[in-house]
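In what follows, chains carry the letters A, B, and so on, assigned in the order in which the sequence lines appear, proteins first and then strands, with residues in each chain numbered from 1.
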Amino acid sequence: MDWLEDELRRALARQEAPVGFADHVMARRAVRPSGARRWLAAAAMVVVAAGAAGAWRQYQGYEAKREVMLALRLSAAPMHRVQLEVRSISQ
Amino acid sequence: MLTVAVETGYDFGELLRQHQAMVFSIALHFLHDRATAEEVAQEVFLSLHRNLDHIESAAHATGWLRKVTVQRAIDEGRRRSRKPQVALEDVAEPAAAGVKPGDPLLSELLRKLIATLEEAPRMVMVLRYQEDLEPAEIAAALEMPVATVKSHLQRSLALLREKLARRGVGESGWTG
Amino acid sequence: MKTLLIACLAALPVLAAPQQFQLNLDAVAAKASQHVDVSLNSATLQFAAKFLDADNPDESRVRKLIEGIEGIYVRHYNFKAAGTWTQADLEPIRAQLRGPEWSKIVGSTNAEDGGSTEVWLHLAGNKTIGVAIVATDPKEVTVVNIAGNIDLEALAKLGGHFGVPKVKPADKPQKEE
């Protein structure tokens with residue numbers, strides 16, 4: 001067994017991610033668009049059996065709703081910060 | 001009213017928990033900077049989240065994460081390399097005399113020495129000794145020929161042995 | 001650069017989008033590592049409203065919020081490192097918002113995190129017909145145009161919903177006795 005390779009394995013052993021790492025990722029994920037395309041495509045396939053026109057409309061509707069929520073999410077965050085700053089100044 | 005079935009696919013939270021150590025460690029050992037490694041690792045998982053519907057299997061997820069981490073760590077390393085890379089000869093090392101196998105000082109010295117390698121051999125070494133990948137797997141992750149991977153491994157090991165030997169670290173220094 | 005583009009729904013009839021200023025952010029986009037682009041015109045908003053669940057408190061709030069809106073246009077950019085984008089990159093936007101029909105009502109900067117938020121109202125006489133928001137921090141730029149009549153207070157209250165963490169307000173000072 002090569003001593004250097006053993007030492008390298010020891011030196012480069014995986015380390016735990018910092019405390020709170022997963023929480024930070026989840027929080028950042030919440031303001032980013034999710035990769036929901038497959039979800040929506042799967043939903044669309046389910047409803048096709050019940051009627052193509054209605055199915056497509058449903059798919060479009062959920063897609064539109066998702067985009068509205070995303071747009072408002074991105075718009076609401078800075079407004080909320082401003083609201084709190086204005087309140088704290090006026091107190 | 002039609003009920004739409006929800007296919008949840010892969011659980012992002014579970015993938016995050018399962019692979020965060022791997023992703024963070026590749027970035028850390030390559031960049032040798034905890035804060036930057038954490039940032040890179042976060043970006044990798046956010047990228048995974050956006051591409052979750054492209055993940056085909058658990059093994060695919062592992063390979064995908066590894067490859068993206070490698071790319072992002074290398075990109076970050078290039079972006080930060082505004083100062084000239086420290087030559088291996090100039091690395092200020094901790095006192096090496098008397099260092100024995102398994103000594104944490106030796107591990108720290110090795111990590112510092114690895115951090116001074118050029119980016120390609122550095123990443124090859126990280127993938128080999130952190131992830132225990134075979135040369136063919138490293139070649140696939142780095143998109144380089146297997147022969148190049150093996151060459152990087154051989155040269156890096158030889159260089160490290162030489163540098164350690166000069167500092168009295170190595171089999172010849174452990175007699176008695 | 002990785003780009004994630006969410007285009008407005010192509011299958012719906014495309015009405016003339018009442019965007020109130022040009023979202024010419026090519027300089028920003030070129031430097032961004034990720035990019036979100038949302039353009040929702042009146043038809044899409046009305047259509048989406050039908051799929052908002054009135055029994056869900058959040059969706060009910062959203063439904064009410066978008067009632068008077070004619071369009072929402074959002075450009076959101078993330079950057080790998082601070083210092084990637086500059087104020088000059090946003091000048092094409094700010095130059096338009098210096099026009100006589102725009103009135104700046106908020107200019108806020110947070111020294112701690114380097115974030116800033118600017119809000120303008122688009123006026124036609126005494127009536128507000130739109131809002132522009134430019135929000136930045138060292139690694140993010142968000143530019144929003146909301147055309148139509150929107151309750152800014154209600155929009156702000158959405159903070160804390162949709163996964164956006166609520167910022168705790170400063171403690172109220174004790175009243176002197």
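For residues 128-138 of chain C, a heavy-atom distance under 4.5 Å to chain A picks out C:Ile133, C:Ala135, given by residue number. Within residues 89-97 of chain C, no residue has any heavy atom under 4.5 Å from a heavy atom of chain A.
Residue A:Met79 comes nearest to C:Leu155 through the heavy atom pair CG-CD2, 3.6 Å, listed as atom of the first residue, atom of the second, then distance. Taking both residues in full, the closest heavy atoms of A:Lys65 and C:Phe51 are given as CD-O, 3.2 Å, listed atom of the first, atom of the second, then distance. Closest approach of A:His80 and C:Ala156 over heavy atoms only: ND1-O, 3.0 Å.
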Practice problem: Carefully, step by step, assess C:Val144 and A:Leu74 under the rule side-chain contact (heavy atoms from CB on, under 4.5 Å). | Solution: CA-CA 8 Å; C:Val144 178; A:Leu74 291 170; 5.5 Å; no
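To the nearest 0.5 Å, atoms CD1 (C:Ile146) and OG (A:Ser75) are separated by 4.5 Å. Remark: C:His76 NE2 to A:Leu70 CG distance equals 8.5 Å, nearest 0.5 Å.
The number of heavy-atom neighbours closer than 6.0 Å to CD of A:Glu16, taken from other residues, nucleotides and ligands shown, is 12 or below. Around atom CD of A:Gln15, more than 12 heavy atoms belonging to other residues, nucleotides or ligands sit under 6.0 Å away.
For the side chain to side chain donor-acceptor pair (under 3.5 Å) test, residues two or more places apart in sequence or in another chain that qualify with C:Lys104 are C:Glu118. Residues satisfying the side chain to side chain donor-acceptor pair (under 3.5 Å) criterion with C:Arg75, sequence neighbours excluded, are C:Asp37, C:Ser39.
If you measure heavy-atom distances from C:Leu52 to chain A, the contacts under 4.5 Å come from both the backbone and the side chain.
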